[in-house]
Amino acid sequence: PYGGVATGSSAVGPVRPRERVQLLYVLRGFALLGILQVNWEVYNPGVLLWNLRDFLVEGSFYTTFSFLFGLGFSIQLIRAEEAKRPFILRYLWRTLILFFIGAAHFVFIYPGEIVRNYALIAGLLLFVRRWRPSLILALAAACLVFSMSPRAPAGRPGHLWTRINPEQVEAERLRTQLSRATAQAN
């Protein structure tokens with residue numbers, strides 16, 4: 001076992017039930033439930049509660065889900081290396097399937113879809129998997145600093161520090177559309 005992850009299966013295929021890390025499935029489900037709640041904008045609890053929800057819920061669940069995505073990559077890589085199985089082509093195949101699922105969801109269900117973005121970023125994991133831990137930590141710190149940087153002032157689109165959240169853009173578009181429809185109805 002490596003870090004509590006049971007290995008030893010040399011066959012390519014689904015992981016056997018006794019080799020699964022059940023806690024990861026529980027955490028992943030919990031994170032997805034939280035993300036569902038964040039995206040469920042049926043009610044408007046007021047600015048204070050909305051900001052509290054953003055701080056406590058949105059950041060926590062997205063971060064947890066992202067962490068679990070990377071952890072899943074690590075477990076797959078470790079198991080493949082220990083079993084001396086090829087990894088890259090299978091991982092790229094799974095990533096391509098993930099991309100198509102996300103793209104279909106984006107087109108047919110919800111334009112703020114994030115799974116497609118995970119698939120696009122997954123290739124970066126293959127690129128950095130052999131880097132020294134100190135270099136990966138420096139990259140993570142740089143990403144953290146960039147993500148915490150101030151947003152561009154209104155009226156300056158395209159500024160280097162502007163961060164665009166597609167879900168917020170879509171929600172704002174729908175609010176504007178609803179406001180216009182309400183104004184026309186009155």
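Hydrogens, waters and symmetry mates are skipped; everything else that's a heavy atom, side chains included, is used.
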Do Phe87 and Trp93 sit in the same hydrophobic cluster, where Ile, Leu, Val, Met, Phe, Trp and Tyr count as joined when their side-chain heavy atoms come under 4.5 Å apart?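 No, Phe87 and Trp93 fall in different hydrophobic clusters.
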About how many Å separate [atom2] of [Y] and [atom1] of [X], when rounded to the nearest 0.5 Å?
X	Y	atom1	atom2	result
Leu178	Leu174	CG	CG	8.5 Å
Ser66	Leu71	OG	CG	12.5 Å
Ile97	Leu92	CD1	CG	11.5 Å
Trp131	Leu137	CH2	CG	12.5 Å
Leu77	Arg79	CG	CZ	12.0 Å

Minimum heavy-atom distance [X]-[Y], with the two atoms named:
X	Y	answer
Ile136	Val128	CD1-O, 3.5 Å
Ala119	Thr95	O-CG2, 3.1 Å
Leu126	Phe73	CD2-CE1, 3.9 Å
Arg129	Ile88	NH2-CD1, 3.3 Å

Would Arg94 pass as a cation-pi partner of Tyr91, given that its NZ or CZ must be under 6.0 Å from the six-membered ring centre and within 45 degrees of the axis?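 Pair Arg94/Tyr91 does not count as cation-pi.
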Looking at Phe99, I'd like to know if the NZ or CZ of Arg116 sits under 6.0 Å from its six-membered ring centre while staying within 45 degrees of the ring's axis.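 No, Arg116 and Phe99 do not form such a contact.
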Please evaluate residues Leu27 and Phe67 with respect to the criterion side-chain contact (heavy atoms from CB on, under 4.5 Å), reporting the C-alpha separation (whole Å), side-chain torsions for both, the decisive distance (0.1 Å), and the verdict. CA-CA 10 Å; Leu27 290 174; Phe67 171 77; over 6 Å; no
Worked check of side-chain contact (heavy atoms from CB on, under 4.5 Å) between Phe69 and Leu98: CA-CA 12 Å; Phe69 184 81; Leu98 182 67; 3.8 Å; yes
Does Arg130, at its CZ atom, have more than 12 non-hydrogen atoms belonging to other residues, nucleotides or ligands within less than 6.0 Å?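 Yes, CZ of Arg130 has more than 12 neighbouring heavy atoms, counting only those of other groups under 6.0 Å.
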Walk me through whether Tyr118 and Phe65 qualify under ring pair (Phe, Tyr, Trp, His ring centres under 6.0 Å). CA-CA 10 Å; Tyr118 277 110; Phe65 194 71; 5.5 Å; yes
